[in-house]
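So the structure is just underneath, and the comments pick up after that.
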Amino acid sequence: MQIDILNEQELCLLVQLITDAQRIVVCCHKSPDGDALGSSLAWTDYLRTQHGKQVSLMIPDAFPDFLKWMPNTEKVVRFDKHPEACKEAFANADLVFCLDFNATSRVDDMQPLLDGTPAKRVMIDHHLSPDMDTVLTISHPEMSSTSELIFRIIWQMGGFDTMTSQQAVPIYCGMMTDTGGFTYNSSRPDIYFIIGQLLTKGIDKDKIYRNVYHNYSSWAIRLRGYLMSQKLNVFEELHSAYFTISRKDMSDFHFVKGDAEGLVNEPLQIKGLKLSISLREDDRKDNLVWVSLRSVDDFPCNKVAQEFFNGGGHLNASGGKLYCSLAEAEQIVRRAIIHYDDMLRR
């Protein structure tokens with residue numbers, strides 16, 4: 001099966017950039033998810049082991065606890081914990097890879113370092129509307145994940161034969177998590193060809209699934225049950241639902257990052273539901289609410305995110321944020337649902 005993703009010019013440029021580079025930084029977006037972290041870990045390990053490069057993996061802040069089992073997470077440098085180390089790495093780099101984000105604002109507080117680096121920048125991403133000054137932009141919104149893109153690039157560069165589980169495991173994890181366990185944006189046959197190739201590297205896909213989706217504390221399970229029981233608002237005629245997570249909820253249930261991961265998908269189990277939205281109050285900043293949206297079939301939750309929540313994303317999986325109270329955010333959600341009344345009722 002043909003899975004090459006780069007044209008000849010892009011491939012030659014990428015090879016030359018890697019060959020010429022001495023100090024490389026790999027970075028991903030704020031609040032890294034399985035795809036951001038998985039693709040970054042795999043690409044970093046590939047550059048280190050197969051090209052012998054000095055590579056630093058820099059992320060803006062914490063990633064979920066349920067991803068800490070992935071190989072080489074102990075080598076990740078967090079900007080919020082080690083700002084000086086990050087500052088030095090970006091200042092001395094001659095090549096920076098920007099993975100799983102389409103604009104420098106997505107790295108949040110780390111943006112001045114990324115904007116100010118003298119290094120050449122390469123974007124590898126699958127989000128819509130890339131907006132970054134780079135020497136090479138590898139942007140394919142039709143792909144399931146950035147991890148899929150990383151596999152295709154390594155394959156095309158001839159690195160698959162020597163790929164180890166240190167690269168295969170995070171690639172599979174990133175593809176799995178960014179498709180909700182291959183339940184959306186994952187109907188192309190080539191995705192399953194790639195999975196088949198990854199399995200030849202001895203990865204245990206069932207264990208990877210358990211490590212991600214069966215890795216919660218008892219408090220996290222109680223929180224998830226409480227939210228679905230007490231905080232879920234369902235609009236039966238409009239085939240939509242939303243729920244809120246307040247600071248008090250997080251405090252009461254000893255919340256840690258990742259405890260609500262994927263929970264926005266749960267309401268979609270309701271018969272006929274088309275749209276699910278979660279609102280999570282930031283645990284540190286006042287008047288900041290994080291929004292996650294999921295939809296099914298052809299309902300465009302990315303348009304809802306763009307129009308009402310300062311965000312965007314994919315057709316069936318998107319996100320955004322609101323600068324207001326949680327109560328005000330609820331009113332905005334209700335207005336958004338009513339605005340899409342015609343599409344939701346169909």
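None of the values given here were measured: they were computed from a predicted structure.
Applying the 6.0 Å contact sphere to CD of E142 captures more than 12 heavy atoms from other residues, nucleotides or ligands. Dense packing is recorded around CD of Q50, with more than 12 heavy atoms of other residues, nucleotides or ligands lying under 6.0 Å away. Counting non-hydrogen atoms of other residues, nucleotides and ligands closer than 6.0 Å to OH of Y323 gives a total of 12 or fewer. Taking a 6.0 Å sphere around CD of E237, one finds it holds 12 or fewer heavy atoms contributed by other residues, nucleotides or ligands. Dense packing is recorded around NZ of K201, with more than 12 heavy atoms of other residues, nucleotides or ligands lying under 6.0 Å away.
A donor-acceptor pair under 3.5 Å is formed between the side chain of T200 and the backbone N or O of Q197.
Counting only heavy atoms from C-beta outward, the side chains of E266 and F243 never approach each other to under 4.5 Å. Annotation: side chain of Y340 is in contact with side chain of E307 (closest heavy-atom distance under 4.5 Å). Residues R48 and Q166 form no side-chain contact, since every pair of their non-hydrogen atoms from C-beta on lies 4.5 Å or further apart. Contact check for K274 versus D297: no side-chain heavy atoms found under the 4.5 Å cut-off. Looking only at side-chain heavy atoms (C-beta outward), S318 and V304 stay at 4.5 Å or farther from each other. Using a 4.5 Å heavy-atom cutoff, the side chains of R345 and L238 are in contact. Counting heavy atoms from C-beta on, the side chains of S39 and I171 never come closer than 4.5 Å. Between V333 and N233 the shortest side-chain heavy-atom distance does not fall below 4.5 Å.
Defined by atom type and a distance below 3.5 Å, a donor-acceptor pair is missing between the side-chain atoms of N185 and T179. With hydrogens and angles left out, the side-chain atoms of Q22 and D94 include no donor and acceptor closer than 3.5 Å. Side-chain contact of E261 with T177: a donor-acceptor pair under 3.5 Å is absent, judged by distance alone. Under the 3.5 Å distance criterion, with hydrogens and angles disregarded, no donor-acceptor pair is assigned to the side chains of E330 and T244. A donor atom on one side chain and an acceptor atom on the other are found under 3.5 Å apart for Q111 and T104.
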Exercise for review: Could you go through the ring-ring contact (aromatic ring centres under 6.0 Å, His included) check for F66 and H214 one step at a time?
Suggested key: CA-CA 9 Å; F66 60 75; H214 297 170; over 10 Å; no
Exercise. Step by step, work out the side-chain contact (heavy atoms from CB on, under 4.5 Å) result for L232 and L227.
Key: CA-CA 6 Å; L232 182 65; L227 294 173; over 6 Å; no
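For an aromatic pair to be called close, the ring centres must be under 6.0 Å apart, and F308 with H339 satisfies this. A centroid separation of less than 6.0 Å is found between the aromatic rings of H51 and Y46. Remark: aromatic rings of Y172 and F182 are close, center separation under 6.0 Å.
Between D20 and K120 no salt bridge is recorded (no basic side-chain N to carboxylate O distance below 4.0 Å). Using a cut-off of 4.0 Å between Lys/Arg side-chain N and Asp/Glu carboxylate O, R247 and D286 are scored as salt-bridged. Between K68 and D65, at least one side-chain nitrogen of the basic residue sits less than 4.0 Å from a carboxylate oxygen of the acidic one, meeting the salt-bridge criterion.
A cation-pi arrangement is present between R222 and W219, with the terminal nitrogen or guanidinium carbon under 6.0 Å from the aromatic centre and inside a 45° cone about the axis. A cation-pi arrangement is absent between K30 and F79 under the rule of less than 6.0 angstrom and at most 45 degrees off the ring axis.
Note that CG of D252 is 9.5 Å distant from CG of L223, once rounded to the nearest 0.5 Å. Atom CE in M163 sits 5.5 Å away from atom CZ in F151 (nearest 0.5 Å). Once rounded to the nearest 0.5 Å, the distance linking OG of S276 with CZ of R294 reads 8.5 Å. Here the straight-line distance linking atom CD1 of I24 with atom CG of L57 works out to 12.5 Å at 0.5 Å rounding.
The two residues M143 and H126 have their closest heavy-atom pair at O-ND1, 3.2 Å. Nearest approach of C28 to I59, heavy atoms of both residues: SG-CG2, 3.5 Å.
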